[in-house]
Amino acid sequence: MRITKAAKQEMLAILEEWYRGMETALHYTTPFELLIAVILSAQCTDERVNIITARLFAQYNSPDKILELGQAGLEEQIRDCGLFRGKARNIIATCDILCRKYGGEVPADFEALTELPGVGRKTANVVLSQLFHVPAIAVDTHVFRVANRLGLAKGETPLAVEQGLMKAIPREQWSAAHHWLIWHGRKVCKARKPECGNCRLTALCLAFNTNKKTAP
DNA sequence: ATCCCGAGGG
DNA sequence: CCCTCTGGAT
């Protein structure tokens, strides 16, 4: 079974109506803060990242201040969000590059961003779309799962799903659709126990209609 | 036991 | 492709 173009457009219309205006759950006040928050969000809930960054940014809200804090100090601050040694190492290295190469600012360029340690394709796309209004679809765990379940974009890798979504969604909606899919994944189309009973998309959903009315 | 707005290394 | 890194929540 496959999802028609018309069905995909209908899904997007419902998602837009449902999640209109929903944006990131991460708290930030500057580009630098968003960059760090997104790096910290790997394998960690946004809610927990917000707890950590509230404390961290109160004192250390710029690359030079993070460098002042140092590896051990940063590890202590971010310990509770998991993967803390690698994240601390990457953030320190990234802050060093930001200071030396970009005057302490966050570069608005995909190649420049992905050269920063700890910044991969997903984080770069979040920063580009959210900070610099570049059309991009960041595929995280929620977008990947929801797009595959719905049949909006099938793919075995995040890149394949990203490319499928770019075909299925008008460019001007890329950044917004990223947030619709995330919120749908967080609130309804959950990884472990999807709430199909609360979903407005079941009539169109590939997984729901393939698995005899029960999403995997 | 599995998942959370992944990335880097082998 | 695979594996590792990691604490907290369910």
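We use all heavy atoms of the structure for the numbers below, so side chains are in, but hydrogens, waters and symmetry mates are not.
- At a cut-off of 3.5 angstrom, the base of B:dC5 holds at least one donor-acceptor pair with the side chain of A:Thr24.
- Heavy atoms of A:Pro117 sit under 4.0 angstrom from primed sugar atoms or phosphate atoms, though from no base atom.
- Among the protein residues, A:Gly82 comes within range of the nucleic acid bases, having at least one heavy atom under 4.0 Å from a base atom.
- Among the heavy atoms of the strands lying under 4.0 Å from A:Leu116 are primed sugar atoms or P, OP1, OP2 only; no base atom is included.
- With rounding to whole Å, A:Ile78 atom CD1 is found 11 Å from C:dG7 atom C1'.
- At a threshold of 4.0 angstrom between heavy atoms, the contacts of A:Arg145 are confined to the sugar-phosphate backbone, with no base atom among them.
- The aromatic rings of A:His184 and A:Tyr19 stand perpendicular to each other, their planes meeting at an angle above 60°, with 30° marking the opposite boundary.
- Within the structure, a side-chain polar atom (N or O) of A:Arg85 is placed less than 4.0 Å from OP1 or OP2 of C:dT6.
- Between the P atoms of C:dT10 and B:dC5, the separation comes to 12 Å (whole Å).
- A:Thr45 comes within contact range of at least one nucleobase, with a heavy-atom separation under 4.0 Å.
- As rounded to whole Å, 17 Å separates atom C1' of C:dT6 from atom CD of A:Glu76.
- In this model, the phosphate group of B:dC4 is approached by a side-chain N or O of A:Thr141 to a distance below 4.0 Å at OP1 or OP2.
- C:dT6 sits 13 Å from B:dC3 when the C1' atoms are compared, rounded to a whole Å.
- Listed pair A:Arg48 / C:dA9 meets the phosphate criterion, a side-chain N or O lying under 4.0 Å from OP1 or OP2.
- Checking C:dG7, C:dT6, B:dC5 against the side-chain heavy atoms of A:Arg186 singles out B:dC5 as nearest.
- Across all strands, A:Val119 comes closer than 4.0 Å only to sugar-phosphate atoms, never to a base (heavy-atom distances).
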